[in-house]
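Below you'll find the structure, written out as structure tokens, and then a few comments.
Each chain gets a letter, A, B and so on, in the order its sequence line appears, and its residues count up from 1.
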2 protein chains.
Amino acid sequence: MSSKTFLDAARALLGERGLTTDPDLVGPWLTDWRGRFTGRALALASPVSTAQVADLVKLCGEHGVPIVPQGGNSGMCGGATPDAGGEAILLSLRRMNTVRSLDAGAKRIVCEAGVILQTLHDTVAGTGLRFPLTLGGKGSATVGGLVSTNAGGTQVLRHGSMREQVLGLEAVLADGSIFTALVPLKKDNRGWDLKQLLIGSEGTLGIVTAATLRLVPEVAERVVIWAGVPSLEGARDLLLHCEDAAGPALEGFEVIAQSTLDDVVKHIPGARAPLAGRHAWHTLIELVADNAGAAALPQMAQAMLEDALGKGLLQDAVVAANETQAEAFWTLRDSIAPAEREKGPAVQHDISVAVEAMPRFVTTVVPVIERDWPGTEAVAFGHLGDGNVHFHVIAPPGVDPLAWHAGDGKAISAQVYDLVSQWGGSISAEHGIGQLKVGELGRLGDPVHLALLRQVKHALDPRGLLNPGKLVPPADTASHMLAPKAASL
Amino acid sequence: MSSKTFLDAARALLGERGLTTDPDLVGPWLTDWRGRFTGRALALASPVSTAQVADLVKLCGEHGVPIVPQGGNSGMCGGATPDAGGEAILLSLRRMNTVRSLDAGAKRIVCEAGVILQTLHDTVAGTGLRFPLTLGGKGSATVGGLVSTNAGGTQVLRHGSMREQVLGLEAVLADGSIFTALVPLKKDNRGWDLKQLLIGSEGTLGIVTAATLRLVPEVAERVVIWAGVPSLEGARDLLLHCEDAAGPALEGFEVIAQSTLDDVVKHIPGARAPLAGRHAWHTLIELVADNAGAAALPQMAQAMLEDALGKGLLQDAVVAANETQAEAFWTLRDSIAPAEREKGPAVQHDISVAVEAMPRFVTTVVPVIERDWPGTEAVAFGHLGDGNVHFHVIAPPGVDPLAWHAGDGKAISAQVYDLVSQWGGSISAEHGIGQLKVGELGRLGDPVHLALLRQVKHALDPRGLLNPGKLVPPADTASHMLAPKAASL
């Protein structure tokens, strides 16, 4: 039994706690947290060190066993769920959860892949610093997963995605060698930046085992504003104004349509809208300052708003009077998804176009979808400042959820992805490709980009053992066109 | 005649102005600007469009002709100079010098590869914005060269290297396909970031033909400070203090030893030291603010300095009273290299270690070099805030320059690179590898990093026609160890 030989050897490497085939222990990790994908696996491997990961990857290479790396299992695209074949090993990084070092002076922290985002935040608290990335799944998302999916969140406007937080990286490559680049060199021009290959590659080029992350000064003062604007274009004008007036203090700029806000207020017991009047669109604006800028922040915010009002850039605005009110504003924003689920089934799209094109995209595409699919409601909300809007289409009332998802829902998604591609945008702004969107990426991706993805994948993982079936669309379709010319020589 | 057939075909593609073999026209571009490298070429090709570049690259592929891309020919490592074989074509991007678009609202500009950095600055002037990267060679350096070498400069501390300025990219790949990613998507998670492969790859993976670059608000106010500190460690403490107190306003932090300053003052007629007393190390600190922060800047600078004085972080300081004095301070910094040349031959090293390790590195390595090479003077200056110091070793008085460079100079450089590698640093912080350092990279590079460089290079340019001999060390030495395991399967 080849698989028994392999499992025995793996157990010898990892010990009893490091390898299990017990269905009760493996089972929970074979389905993604939203329950959309379920797979099978030979075993669950849980190494405790980079050396163990390297040894296991070498062993998998010798036996031709595919590897599916997994962090908190909180991804949105099934990128950490094995396929149904059951030939792969599920490689959990969760036991590699050591914070290797925290250097407050140099403003950085070295975390192993299994450190949970909330733990990272807790570890940094009290040092006068913070890690400038957070998201809904912070209680389960791990550093390795965040790096591998280039995670985003609500602070990207100011601080960038995970890519911008990664100063250094350690990973195990397909041949079991250890790529070490944890010492952050602010300047290093020995060729292209190799660690960029691993950020956002969803475990298809290597397995991230540790990362050096940047920290920024903690927030000493914040001003949270709710403002009504007459249109999404108006929201964009207000955003530009805030960028100019507040500079690096602008940390968040979210947009919500009036109808969406109505749903949210109805959904939360006792909630009320921040503004008395009705506005086509609402914006949630957050300004923050560290110690250096705290004293000047409230006055700057006031001047920014008065100036905006004078220029007709907003119809009405309210500044949160205290932290409780600020949190209440954010609760409205964070309750859009649950409020919507109450309304019935919906297809959700995490898309982006160029920042300046997003208002036109939304105002053009919403009526197209609602016209082509009578009874649906198309809703856009989210990170206008990043050109990234969560674009959801809610099913007509009374449909059968399963049938609708399999039929119209699927067709609507394809149409949304067609449209965003025509606009030069991305079918995945934040959530990655995984197995959920690999087909759509193959269908809609630029052939030159797809060829590059495949060339690099093949070069770094020639046998395709690292997270097979994820991210990189197979070249089957139209491969005569996509294959690099030179490869045939 | 294979080369005649190729040249006829190339001329047909590019026209008479686009292809020349005239030695008077080709000659000046066959030697780098410092005169250290000279090569030969079949011809000088000067396409005017991305399509022409693509057609030429395809033609070169058909004929097996290597391609050496060149921008302003102002690189420091011979990366744009062909080898002596004379089989390559020199591909100049200088005629592709169109600014395709400037969007002040979106704060970005799309430049073709041949746009000169000074032209870029001039184009942006008057829009309320600026391009936040500049360097000595701005009158000749081109956008394509800056991207391909991931150029640095004096503003990296605040704004990052060229990598951080590149929002979008267009390039011609080895098979003649055009990689297009000019529309900047702030969020795009369709896999790893492909354009990162081209930034800093020195034309070995593709030929950059255009880039979308970010712009930032123009400087409305600046404060330039000269401060004396007792040690390099003290300079680092002062840097940390300034980072905390000034936040994003801190744009430059340079260090100069007293002895170096003495040489500079002697070198410039009429110059005098900014401070009355003598200090082991001097620091040049620049704070800037855009309109949003201009009013608060002088007061913030004053508070920062008083606080530093109170904490004993500086011995003496002077704030430039006006722009003339500010420029005079910077002239001292910019005159270090010419002042040093007056003293005699020197070997120069553009190196980096982790930011916090740089003071210890300098204070450890300077005496080692001066002990091992009696009569030499080791001098470190530059971008302490980036962990990047220009480390120069001046020859003993009276040596024969040529003989010293070929003998002791070479041995000293090898020792410096050995030491910086032992400290986990980079043998090229800013200037790249080119042909100057490719041997040292092969000797000192991490085997796993070198294997990755070679794997990607081979995948994207399997015939090795793009800028051969540059950046990627050949695998000849110890290739049995470096070859990826899986490749032999």
Any non-hydrogen side-chain atom of [X] less than 4.5 Å from a side-chain atom of [Y]?
| X | Y | result |
| --- | --- | --- |
| Leu198(A) | Trp192(B) | no |
| Gln455(A) | Leu460(B) | yes |
| Val156(B) | Lys187(A) | yes |
| Asp193(A) | Asn150(B) | no |
| Val448(B) | Ile178(A) | no |

Please classify the contact between [X] and chain B as side chain, backbone, both or neither, with a heavy-atom cut-off of under 4.5 Å.
| X | result |
| --- | --- |
| His383(A) | side chain |
| Glu356(A) | side chain |
| Asn388(A) | side chain |

Exercise. Side chain, backbone, both or neither: which part of Leu173(B) has a heavy atom under 4.5 Å from chain A?
Worked result: side chain

For this session: With sequence neighbours excluded, tell me which residues meet salt bridge (Lys or Arg N to Asp or Glu O under 4.0 Å) with Arg214(B).
Result: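 Counting only residues at least two positions away or on another chain, Arg214(B) forms no salt bridge (Lys or Arg N to Asp or Glu O under 4.0 Å).
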
For this session: State whether the number of non-hydrogen atoms from other residues, nucleotides or ligands found under 6.0 Å of His449(A) atom NE2 is greater than 12.
Result: yes

Exercise. Taking 4.0 angstrom as the limit, do Asp244(A) and Lys107(B) come out as a salt bridge?
Worked result: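 So Asp244(A) pairs with Lys107(B) through a salt bridge.
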
